[in-house]
There are 2 protein chains.
Amino acid sequence: MTGDRPSEDDLIARYFAPLAGAGGLGLRDDAARIAPPEGCEIVLTVDGLVAGVHFFADDPPAAIAKKALRVNLSDLAAKGAAPLGFLLTLALPRDWRADWLELFARGLGEDAAAFACPLLGGDTVSTFGPLTLSITALGAVPAGRMVPRDGARAGDLLYVSGTIGDAALGLRERSAGLRSRSEPEGPRSDAAILIDRYLAPQPRLALAEVLREHASGAMDVSDGLVGDLAKMLRVCGASADVAVARIPLSASAQTVIAADPRLLETALTGGDDYEILASVPIANARAFEAAATAVGVPVTRIGNVTPGHAPATFRDARGAPMSFARGSYSHF
Amino acid sequence: MTGDRPSEDDLIARYFAPLAGAGGLGLRDDAARIAPPEGCEIVLTVDGLVAGVHFFADDPPAAIAKKALRVNLSDLAAKGAAPLGFLLTLALPRDWRADWLELFARGLGEDAAAFACPLLGGDTVSTFGPLTLSITALGAVPAGRMVPRDGARAGDLLYVSGTIGDAALGLRERSAGLRSRSEPEGPRSDAAILIDRYLAPQPRLALAEVLREHASGAMDVSDGLVGDLAKMLRVCGASADVAVARIPLSASAQTVIAADPRLLETALTGGDDYEILASVPIANARAFEAAATAVGVPVTRIGNVTPGHAPATFRDARGAPMSFARGSYSHF
């Protein structure tokens with residue numbers, strides 16, 4: 001099963017060197033080098049992913065690779081940054097196979113190219129435990145213009161990009177044993193659509209400049225909207241009022257929730273959305289919406305930032321506050 | 001056993017936020033930001049470490065933290081870079097304890113301060129497997145002055161810093177069950193000295209500028225001198241002639257090898273030295289030696305770079321080529 005496995009050097013040369021950007025020096029040196037574009041500073045983010053915690057060990061290798069890169073690109077987008085490159089630490093279980101690694105590297109290379117985010121360096125080690133990845137992504141923002149998490153002020157409007165909850169609902173389907181990728185041809189089921197949203201987050205890089213120009217603050221939604229909004233408000237020293245009926249849900253999510261209304265809580269508190277949560281001063285709201293539309297990213301106003309230090313109030317269609325048993329998904 | 005365990009946010013605030021540098025934004029944002037000093041570019045390196053592969057799970061937590069940072073600082077030193085900061089991914093086994101983490105963070109903070117390399121960001125996740133760390137370190141070099149791995153040319157002299165083989169011999173002692181830290185007071189045994197070299201590598205940051213000024217190429221010795229020299233020569237398209245009698249050994253290593261001469265091979269092919277291997281043009285040799293002495297780092301000329309593409313020839317005291325059963329230690 002483990003025949004034809006290359007050495008570490010061969011593995012790097014064969015699978016990863018083709019993904020290297022100029023600063024990666026062909027992965028033949030001990031380090032990468034990079035300079036930010038003129039007038040820019042570097043934004044850095046890192047995310048670790050562990051099989052059995054953040055993804056299923058039998059997820060398609062390319063999907064695992066892409067998700068690991070995309071969750072970092074999502075952070076760069078939320079900070080208003082454009083990708084510069086990334087470094088990868090890959091801890092491979094003892095029974096890794098060359099064909100698995102080839103598919104992993106191919107998927108990673110596709111996304112590195114698609115998002116103009118080349119590989120700069122990495123380290124490949126073995127582990128007695130589950131497959132474990134860590135990606136450090138670098139982006140560039142004009143100096144001093146990184147979009148902060150803590151910029152929301154009372155009176156600002158709250159927006160989210162895309163739709164919320166699909167990935168959490170997809171994870172639920174995936175946990176029940178379904179796999180979208182092995183579905184038969186034809187129109188995809190709601191379950192398949194939701195699972196794909198879990199497997200393949202879409203980093204909102206197109207919003208980066210829009211956020212820099214118009215938002216007071218932003219973060220990406222990775223641990224559920226309810227919990228991540230609470231985190232944002234905590235660092236801002238503010239509260240918020242959110243109209244749950246305004247929170248954008250995909251048609252598939254609406255169908256699934258209509259069949260079991262308790263899943264609304266899953267959608268709002270589950271993780272893996274990788275959409276953008278932004279606070280926008282009222283004076284910028286129209287321009288923000290227009291700019292987002294111009295770059296093709298749907299954004300929806302879901303509420304207002306309010307004074308105070310309490311967690312956000314989520315109101316149902318009648319205006320009554322809702323409560324959630326679980327505030328936030330934690331990968332920890 | 002796992003009582004009093006903080007949440008991820010509390011854990012970051014309690015243990016890691018105190019280590020954050022200015023660019024780390026108090027670890028309260030999704031990303032860090034950094035700009036290289038005027039006229040400099042950024043050097044990046046990443047190393048993953050897994051319990052049971054790169055260290056013992058029951059090594060002192062502070063030693064694990066320090067080693068993880070230092071192996072990266074060693075790479076920066078070899079590239080001629082000064083530390084700017086680092087990002088940490090920490091995958092904690094399910095049974096992690098708050099007291100372990102406190103000691104880990106304290107050790108990490110001590111080294112972050114000692115080496116002027118603050119924490120810029122990180123991610124803490126849980127794993128069903130062994131403790132796993134990944135550190136991405138950032139350094140600064142004057143633009144275009146990173147010391148390459150592939151700069152050695154036929155005629156250059158080969159140097160190493162410090163002494164070679166201590167850590168590999170220390171690992172052997174450690175594997176036999178000894179622990180230097182629990183030794184009784186008094187003069188340390190050779191075993192204890194060697195184990196400390198395994199547990200606590202000393203990154204040669206003092207050599208960074210010396211290498212930039214005088215070396216044609218450099219790398220750090222992490223997988224054994226024999227194997228790492230082979231890697232360096234491969235990317236240079238050169239060969240080398242090394243006098244084994246010139247390779248600097250500590251008094252403790254000499255004692256251990258005298259008792260069992262077969263351990264010379266362990267010293268030269270085992271890993272974890274974290275000394276610098278440098279190629280230096282003959283015209284720079286005196287200045288290189290003087291500058292290294294001035295910054296307090298011993299360097300020893302061990303051989304010459306020669307034309308050709310063959311691996312280096314290691315010659316014994318009579319000039320006869322030696323052969324090694326194992327060329328390189330691989331953590332992979």
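The structure displayed is predicted, hence computed values, not measured ones. A note on names: the letters A, B, ... follow the listed sequences, proteins ahead of strands, and every chain is numbered from 1.
Contact tally against chain A (heavy-atom pairs below 4.5 Å) for B:Ala91, B:Gly48, B:Gly129, B:Gly52: the top residue is B:Gly48. Per-residue counts of heavy-atom pairs under 4.5 Å with chain A were compared for B:Ala81, B:Gly217, B:Pro148, B:Ala218; the largest is that of B:Pro148. Ranked by non-hydrogen atom pairs under 4.5 Å with chain B, the options A:Thr45, A:Leu76, A:Val46, A:Thr89 are led by A:Val46. The greatest number of non-hydrogen atom pairs below 4.5 Å with chain A, out of B:Asp9, B:Thr132, B:Asn72, is found for B:Asp9. Each of A:Ala78, A:Ser134, A:Gly139, A:Ala143 has some count of heavy-atom pairs under 4.5 Å with chain B, and the biggest count is that of A:Ser134.
Of the inter-residue distances, the one linking B:Glu275 atom CD with B:Ser222 atom OG reads 12.0 Å to the nearest 0.5 angstrom. Expressed to the nearest 0.5 Å, how far CD of A:Glu209 lies from CZ of A:Arg212 amounts to 5.0 Å. Between the CG atom in B:Asp228 and the CZ atom in B:Arg149 there is a gap of 7.0 Å [rounded to 0.5 Å].
Contact annotation for B:Ala137: neither backbone nor side-chain heavy atoms come within less than 4.5 Å of a heavy atom of chain A. For A:Val50, the part lying under 4.5 angstrom from a heavy atom of chain B is the side chain only. Proximity to chain B (any heavy atom under 4.5 Å) is shown, for A:Leu49, by neither the backbone nor the side chain.
For the pair A:Arg204 and A:Tyr274, the NZ or CZ position fails the cation-pi test of under 6.0 Å to the six-membered ring centre and within 45 degrees of the ring normal.
Checked against ring pair (Phe, Tyr, Trp, His ring centres under 6.0 Å), B:Phe104 has the following partners two or more places apart in sequence or in another chain: B:Trp100. In this view, A:Ala77 and A:Leu205, A:Ile276 satisfy the side-chain contact (heavy atoms from CB on, under 4.5 Å) rule, not counting sequence neighbours.
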Worked verdict on A:Phe86 versus A:Leu119 for side chain to side chain contact (heavy atoms under 4.5 Å, CB included): CA-CA 5 Å; A:Phe86 71 101; A:Leu119 183 62; 3.5 Å; yes
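Electrostatic pairing of A:Lys231 and A:Asp223 counts as a salt bridge here, judged by a charged N lying under 4.0 Å from a carboxylate O.
B:Ser126 and B:Arg94 share a donor-acceptor pair across their side chains, judged by distance under 3.5 Å alone.
Annotation: salt bridge (Lys or Arg N to Asp or Glu O under 4.0 Å) contacts involving residues 71-86 of chain B, sequence neighbours excluded, comprise A:Asp29-B:Lys79, A:Asp30-B:Lys79.
Contacts between residues 32-42 of chain B and chain A, counted as heavy-atom pairs separated by less than 4.5 Å, involve B:Ala32, B:Arg33, B:Ile34, B:Ala35, B:Pro36, B:Glu41, B:Ile42.
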